[in-house]
Amino acid sequence: MNLEGLEMIAVLIVIVLFVKLLEQFGLIEAGLEDSVEDEMEMATVRHRPEALELLEAQSKFTKKELQILYRGFKNECPSGVVNEETFKEIYSQFFPQGDSTTYAHFLFNAFDTDHNGSVSFEDFVMGLSILLRGTVQEKLNWAFNLYDINKDGYITKEEMLDIMKAIYDMMGKCTYPVLKEDAPSRQHVETFFQKMDKNKDGVVTIDEFIESCQKDENIMRSMQLFENVI
């Protein structure tokens, strides 16, 4: 993948990596609906009915799918939550030649919606629902939240540089040509940022972000690849 292509696909690379995270948890095999076990096995899953019903109403998963997800989540995370170190360990396995620490930190913060230092099953389900079954706008809203590091409702050039650098650090040796220590250069980020900053006020709003992504064929094509992951 060349530098220009990586800059555009970086907006959606979170979706690819999240699928890898699910595979690590053993939650994606032949598809959730096709892998639903019989009721006897499902009875081993314990979750408060009212919480399960609420998640069913809020997410794009059925009750049986949520039961499977819950069982897998509890098997991998007996404490019922995922901490930041777990994210870092998972991504370090997928990118042993790079440094995924910073990217895993940013990704964890995007999932940790209540900012309490852990990702609960509810956080996990809602993020999964958006990334794999959400509309284009829902996925882009989620991606915007990832880039908006300080959660002030805007993406600055520095925030975009931080995210891009984290991705390059993690994947740099997989690009062609191989990236040097000073990549990604500010010039590359400048070009990408200016493409999104329509009114040239120095920040990218969520409307500008979504409009730019929706007009980019590469980004839209990448999104379509993950519409039927599960």
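What you see is a predicted model, and the numbers here were worked out from it, not measured in a lab.
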Shared hydrophobic cluster, Phe106 / Phe111 (ILVMFWY, side-chain heavy atoms < 4.5 Å): yes

Under 3.5 Å donor-acceptor, Asp169 side chain and Asp99 backbone: no

Would a 4.5 Å heavy-atom cut-off, applied to side chains only, mark Asn109 and Leu107 as touching? no

Going only through I, L, V, M, F, W and Y residues with side-chain contacts under 4.5 Å, is there a path from Val81 to Met126? no

Could you check whether any side-chain N or O of Asp123 sits under 3.5 Å from a backbone N or O of Ser120, counting only pairs where one atom can act as donor and the other as acceptor? yes

Donor-acceptor contact below 3.5 Å, side chain Asp148 vs main chain Gly153: yes

With sequence neighbours excluded, what pairs up with Glu84 under the salt bridge (charged side-chain N to carboxylate O under 4.0 Å, His left out) test? Lys88

Ignoring hydrogens and angles, state whether a donor on the side chain of Asp207 or Thr205 is under 3.5 Å from an acceptor on the partner side chain. no

Student check: side-chain heavy atoms of Ile206 and Tyr147 closer than 4.5 Å: no

Beyond-backbone contact of Leu131 with Trp142, side-chain heavy atoms, under 4.5 angstrom: yes

State, yes or no, whether a side-chain contact exists between Met196 and Glu211 at a heavy-atom distance under 4.5 Å. no

Return yes if some donor-acceptor pair links the side-chain N/O of Ser100 with the main-chain N/O of Tyr103 below 3.5 Å, else return no. no

Less than 4.5 Å apart, side chain to side chain, heavy atoms only: is that true for Leu128 and Phe61? yes

What is the ring orientation for Tyr70 with Phe121, classed by angle as parallel under 30°, tilted 30 to 60°, or perpendicular over 60°? perpendicular

Shortest non-hydrogen contact from Val189 to Lys157? CG1-O, 4.1 Å

Taken to the nearest 0.5 Å, the spacing of Ile167 CD1 from Met164 CE works out to 6.5 Å

Gln194 backbone acceptor or donor facing Lys200 side chain under 3.5 Å: yes

Quick one: which of Asp114, Val82, Thr113 gives a side-chain contact (heavy atoms from CB on, under 4.5 Å) with Val119? Val82

Near Tyr154 OH, under 6.0 Å, is it more than 12 heavy atoms from other residues, nucleotides or ligands? no

Reference residue Ser59; test side-chain contact (heavy atoms from CB on, under 4.5 Å); the match among Leu69, Leu54, Val125: Val125

With the side chain counted from C-beta on, respond yes when Ser129 and Glu138 share a heavy-atom pair under 4.5 Å apart, and no when they do not. no

Given the rule that I, L, V, M, F, W and Y join up when any side-chain heavy atoms are under 4.5 Å apart, are Val203 and Phe209 in one cluster? no

With sequence neighbours excluded, residues passing side chain to side chain donor-acceptor pair (under 3.5 Å) with Asn141: none

Can you name the closest pair of heavy atoms from Asp112 and Ser118 and give their distance? OD1-O, 3.0 Å

